[in-house]
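Written out below as structure tokens is the structure these notes cover.
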Amino acid sequence: MARKTTTRTARKAAPPKPPPCEPCKGSGQVAVTVRVGRRRRPVGQQDGICLTCFGTGEANS
């Protein structure tokens with residue numbers, strides 16, 4: 001029985017990773033000021049989703 005020979009193909013290069021999002025620095029979360037009361041005074045901060053990258057952490061072109 002004859003052996004089948006296989007040809008090797010070159011590996012395709014992986015696409016380059018997109019750069020991290022600037023506002024959230026790649027984490028997908030940003031600090032959002034919490035305001036309370038009638039005069040809307042700031043009392044602290046909490047984590048919120050980054051609206052630039054929608055939480056993915058990758059810069060959108």
Side-chain angles (χ1 to χ4, degrees):
M1 187 184 279
R3 253 188 179 177
K4 290 185 179 181
T5 58
T6 59
T7 58
R8 293 184 182 220
T9 58
R11 283 189 173 181
K12 293 182 181 179
K17 290 179 85 175
C21 178
E22 288 183 25
C24 66
K25 296 175 180 59
S27 69
Q29 295 182 346
V30 292
V32 178
T33 303
V34 177
R35 299 177 180 270
V36 297
R38 176 181 265 177
R39 294 185 347 197
R40 307 293 291 163
R41 66 178 201 267
V43 295
Q45 292 186 337
Q46 68 181 15
D47 288 336
I49 189 170
C50 179
L51 296 178
T52 305
C53 64
F54 296 109
T56 61
E58 299 173 350
N60 296 332
S61 298

>> I need the single residue from P20, P23, C24 that forms a side chain to side chain contact (heavy atoms under 4.5 Å, CB included) with C53. Which is it?
In response: C24
> Atom CZ in F54, atom SG in C21: separation rounded to 0.5 Å?
Replying inline: 10.5 Å
>> Give me the atom names and distance for the closest heavy-atom approach of D47 to Q29.
In response: OD2-OE1, 3.5 Å
> For V30 and I49, which heavy atoms make the closest approach, and how far apart are they?
Replying inline: CG2-O, 4.0 Å
> Looking only at heavy atoms, what is the nearest atom pair of R40 and R35, with distance?
Replying inline: O-NH1, 3.3 Å
> Under the side-chain contact (heavy atoms from CB on, under 4.5 Å) criterion, do R41 and V36 qualify, and how do the steps go?
Replying inline: CA-CA 6 Å; R41 66 178 201 267; V36 297; 4.2 Å; yes
> Does a sphere of radius 6.0 Å around CD in E22 hold more than 12 heavy atoms from other residues, nucleotides or ligands, not counting ones at 6.0 Å or beyond?
Replying inline: no
